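Structure, as structure tokens:
Both backbone and side-chain heavy atoms feed into the values below; hydrogens, waters and symmetry mates do not. What you see is a predicted model, and the numbers here were worked out from it, not measured in a lab. Below, chains carry the letters A, B, ... as their sequence lines are ordered, and counting in each starts from 1.
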Amino acid sequence: MFGLVDCNNFYASCERAFNPSLNGKPVVVLSNNDGCVIARSNEAKVIGIKMGVPAFHIKELVHTHNVKVFSSNYALYGDMSVRVMSILTEQVPEIEIYSTDEAFILLEGIRNLTNVGTNIVNKVTQGTGIPVSLGIAPTKTLAKIANKFAKKYPAYDKVCIIDTEEKRIRALQLTEITDVWGIGKKQASKLGQQGVKTAYDFTQISGTWVRKNMTVVGERTWKELKGISCIDMEKAPPPKKQICTSRSFGKMIEYFDPMAEAVATFASACARKLRQQNAYAMSLMIFIHTNNFREDLPQYWRNTIVKLPIPTADTLEIVHYALEGLKNIFISGFQYKKAGVIITEITEVAQLGLFDTINRAKRERLMQAIDKINGNYACHIKLAIQGVVQEWRLKQEQLSHCYTTDINEIITINCK
DNA sequence: TCTGGGGTCCTAGGACCC
DNA sequence: TCTGGGGTCCTAGGACCC
């Protein structure tokens, strides 16, 4: 059996874990640049704040209901995620970390699934302060559905198990097709034309139709819903095939210098991510564009690919080539809103060059030292070109403390 | 005034090869 | 009048996920 552990309202719960005065109050977390809503506590859902709405649309709701609003604090959420996952790892023989706030677990040969499941859920909440729900079923797709039931209905007490045909069919009948893992907007509307409204309806249409109209991907979902497991556990996360760092700016950029700061910063972040998976970049893509929401302003979209002579994970080199690329596409006279760097070709082996002039052993030691000082999130050490003021930086007006990753921001307790 | 970011997988179609 | 067939590789774009 597969289990799916999902943290409830993860980002909002992280904010609460270190700030209990938020309990019982509506809490929302905003995307980068305080743009739109990406997490909501149950109280915030009840008063009608929808996922993904721009922050400025909910101003009134925030005011009338005294909603607590936070900028996203990825250092905090990332670290809390590590804590949740490490507790899970201790509990089960096999775990697949599916996203920051979700993990599949393997539950084989267990007699009392309810007890074991409840125990897992309680351990995580006790150890981290994050409430979680667990869905258990014979396939991953069904486990996802079971998890939704565990969340939605308090009677399940955080653990829902689909272990009989009756329960499977009942669950599918109560699940709208749009709520099925793997069925997005497009497929849902295609299925709607076939009269499919629920997950159960979907399992009743012919396999050949599904294969023909929804490719192997749709067919896999169709089988999984029927109880035939097609998606296995992935023990180790496969190495990334692409690494990307991009941001919208807090303030539009007009000139080359601040754009160079931003691109250097993104390239440097990519290099750090590369080294974390012991890989090397073979080529980079650099892109810049204006704000496409501003129809009143002239628009410009451009990207360029730079091939690297020798595969590298060296920040200095990657930044150098990223800036070369930027020079090729940057034109003044536009208000730029966003830029990014994508490592498009990644290799695990560094093929050295015959005419290489860089002392790579030395540079590797330098990178190791920088990574050690900076850790996973901080930027204590950076290149001068990344800038000091960084006026293009994210807007983060409601940022909470990095309670778990910054010694200056740990929680303090007054004992009077 | 203000609309996120980082990924994966699959398919179709073109280029190219013998 | 007559104009092959089979294969691989790459890329762009679509769809999906959290």
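Using a 4.0 Å heavy-atom cutoff across all strands shown, A:Thr245 reaches sugar-phosphate atoms only and no base atom. Among the heavy atoms of the strands lying under 4.0 Å from A:Val216 are primed sugar atoms or P, OP1, OP2 only; no base atom is included. No engagement by A:Lys251 is indicated, since no non-hydrogen atom pair under 4.0 Å with the nucleic acid exists. Within 4.0 Å (heavy atoms only), A:Val180 reaches sugar-phosphate atoms of the nucleic acid but no base atom.
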request  = Using a 3.5 Å limit on both pairing distances, list the dot-bracket string of DNA chain C from the 5' end; Watson-Crick and G-U wobble pairs count, crossing pairs take [ ], interstrand pairs take |.
outcome  = ....||||||||||||||

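Distance noted for atom C1' between C:dC17 and B:dG4: 15 Å (whole Å).
Closest to the side chain of A:Val217, out of B:dG6, B:dC10, B:dG5, is B:dC10. Set against C:dC16, B:dG7, B:dC10, the side chain of A:Thr215 has B:dC10 as its closest nucleotide. Of the listed nucleotides (C:dC16, B:dC10, B:dG4), C:dC16 has the atom at the smallest distance from the side chain of A:Gln187. Nearest to the side-chain atoms of A:Cys244 among the listed nucleotides C:dC16, B:dG4, B:dG6 stands B:dG6.
Each of A:Arg220 and A:Ser248 was assigned the nucleotide of DNA chain B with the nearest heavy atom; the assignment lying further toward the 5' end belongs to A:Ser248. With the nearest nucleotide of DNA chain B identified for both A:Arg294 and A:Ile243, A:Arg294 has the one nearer the 5' end.
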